[in-house]
Amino acid sequence: MYQKIKGTEDIYGSEMKYWYWIENKAREVAIRYGYEEIRTPIFEDTKLFVRSVGEDTDIVQKEMYTFEDKAGRSITLRPEGTAPVVRAFVENGMITHGFPQKYFYIGPMFRYEKPQSGRQRQFHQFGAEIFGSYSPIADAELILFMDRFLKEIGLIDYEIQINTLGDSEDRARYREALKEYYSKHLDNLCDDCKARFERNVLRLLDCKVDVKYVENAPKITDFLGDGAREHYQKLKRFLEQNGVQFVENPRLVRGLDYYNRTVFEVHHKRLGAMSAIAGGGRYDNLIKEIGGKEVPALGFAAGIERLILSLKAENVEVDEIGRNIVYVTYMGGDDVKIEALKLAEQLRKAGIPTGLDLMERSITAQLKHAARLRAKYCVIIGEEELERDVVIVKNMETGEQVEFEKSFVASGLKDMINE
RNA sequence: GUGGCUAUAGCUCAGUUGGCAGAGCGCCUGACUGUGGAUCAGGUGGUCGAGGGUUCAAAUCCCUCUAGCCACCCCA
């Protein structure tokens, strides 16, 4: 027997309503905020991700699905959504369309990680990007949009954390200071932190073991230049004045290298270790970095699987996916079956979701099946009705039955459904 | 990648010191043959995750692998 690949999921049945719910809300809210959908390929040139996400990041170091195609090109299944959108923006000359530009995407991402609940190797993200604005009003609007989306899918129990990483010069000075500070304690640090010290000092702030050193470590806020400081203060004020609940987390460092200034993460309080349901920030240098002009940008991405876990944790009721409202049942020979097919077709043409027995079961079994599908009405036709050009319409809630002349069934049912 | 727990029917799970593989739910059929959800009766359904080993005998004990879950790592 074949088994699905580790870390992948078949999505069907009672799970599907959550996907419809989130995807529909995502599209609806994004369009309300003036975002256009963009669909980029699922794989890209490996170099795009190495360059944008960062050579030293975990994603590039150990999590990418990279392979050679038949012509020897190095291809990578996208581990995140921003780099492809930026590539498309540059490659298609979208800069000529004027600023700001706002795009959203929904689709699968791939990272080779050890799976557990809320972490798959193929997972799905809803993300959004804004191109062109340096202003903190853009940061504020993006976070408002994300917050609005989370609220409208029904979530309450989450926390938005924000931080600033300053500009690259600020960060360089800060890194120096951190190195100096930690070099004194290097022997006492955990093994992970010793490695981080070499690879990425900022990550030391994330450590849950060496908490006592983190507390006394220098803070980025003391190293900010005027521009970054002002940007951060304005953003906080804009958010506060617009009723966005957030907390500052000076230790918030993100796993992708392209961020500067604003970064944020959203954590759901009822999830376990995989509590980050969304995250993002500003990346003013990325577009230039991968060969475009200097265009400021920012964005966020939310993990759909984790949103679903959050919805379930909060017992949010989501819309059921519509099923058959009407079910056509019949008893008799081929003449009756032909008529049943015609009837079902007529109803469907009229826009009514209609089921039809395909199993040639007894009328009892057909009605039983229709009841189980929670059809509101059954159309019943037999030899008798066929001869008289009528059908029976049965209300499945009340049990009432009425006869309809065949040509009026569709309009009659429509009226009954809409009342 | 490291450590721990787990894997039995479509789903949730029971299966004692090794001795004929079970229940509930679901699904199907029927309850005087042209009328549904309740009830009742019957039925369908398992390579006991895979492979090997020990044994007269393995779902049960041992080994390897695979997958899932939890924590770490990191992130969506």
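Just so we're on the same page: letters track the sequence lines, and every chain starts at 1.
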statement: The contact string for nucleotides 35-45 of chain B, one letter per nucleotide 5' to 3', using protein heavy atoms under 4.0 Å with B, S and - for base, sugar-phosphate only and none, comes out as BBB--------
- prompt: If the sugar-phosphate is the primed atoms plus P, OP1 and OP2 and the base is the rest, what is the B/S/- string for nucleotides 5-11 of chain B, using protein heavy atoms under 4.0 Å?
  reply: -------
Regarding [X] and [Y], is there a side-chain donor-to-acceptor distance under 3.5 Å anywhere?
| X | Y | result |
| --- | --- | --- |
| A:H124 | A:E23 | no |
| A:Y259 | A:N163 | no |
| A:Y174 | A:E176 | no |
| A:Y232 | A:E248 | yes |

Phosphate OP1/OP2 of [N] contacted by [X] side-chain N/O (<4.0 Å):
| X | N | answer |
| --- | --- | --- |
| A:K62 | B:G1 | no |
| A:S362 | B:U33 | no |
| A:R361 | B:C28 | yes |

Counting any heavy atom closer than 4.0 Å, what does [X] reach on the DNA or RNA strands: base, sugar-phosphate only, or nothing?
| X | answer |
| --- | --- |
| A:G7 | sugar-phosphate |
| A:A273 | base |
| A:M274 | base |
| A:G127 | nothing |

- prompt: What nucleotide among B:C70, B:A76, B:C73 has an atom nearest to a side-chain atom of A:Q125?
  reply: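 The answer is B:A76, which lies nearest to the side chain.
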task: Just compare B:C72, B:G1, B:G68 and give me whichever is closest to any side-chain atom of A:P115.
output: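 Looking only at side-chain atoms, A:P115 lies closest to B:G68.
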- prompt: So, for A:F300 and A:F145, is the gap between ring centers shorter than 6.0 Å?
  reply: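 When the ring centroids of A:F300 and A:F145 are compared, they turn out to be within the sub-6.0 Å range.
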query: Hey, does the side-chain of A:R119 have a donor or acceptor N/O within less than 3.5 Å of a partner on the base of B:C69?
result: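 No, no donor-acceptor pair under 3.5 Å.
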query: For A:G281, does its backbone N or O pair with a side-chain atom of A:T262 as donor and acceptor, under 3.5 Å?
result: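 Looks like no, no N/O pair under 3.5 Å.
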message: Whether the side chain of A:N242 engages the backbone of A:L239 through a donor-acceptor N/O pair (distance < 3.5 Å, no angle test) should be reported.
response: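 No; zero donor-acceptor contacts below 3.5 Å.
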query: Rounding to the closest angstrom, what is the interatomic distance between B:A31 and B:C48 at atom P?
result: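 Rounded to whole Å, the distance is 37 Å.
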Pairwise C1' distance for B:G46 and B:G37, with rounding to whole Å: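 Nearest-Å result for B:G46 against B:G37 at atom C1': 30 Å.
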query: Got a salt bridge between A:K219 and A:D222, using NZ or NE/NH1/NH2 to carboxylate O under 4.0 Å?
result: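 A:D222 and A:K219: not salt-bridged.
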- prompt: Dot-bracket for RNA chain B, 5' to 3', with Watson-Crick and G-U pairs under 3.5 Å, [ ] for crossing pairs and | for other-strand pairs: what is it?
  reply: (((((((..((((.....[..)))).(((((.......))))).....(((((..]....))))))))))))....
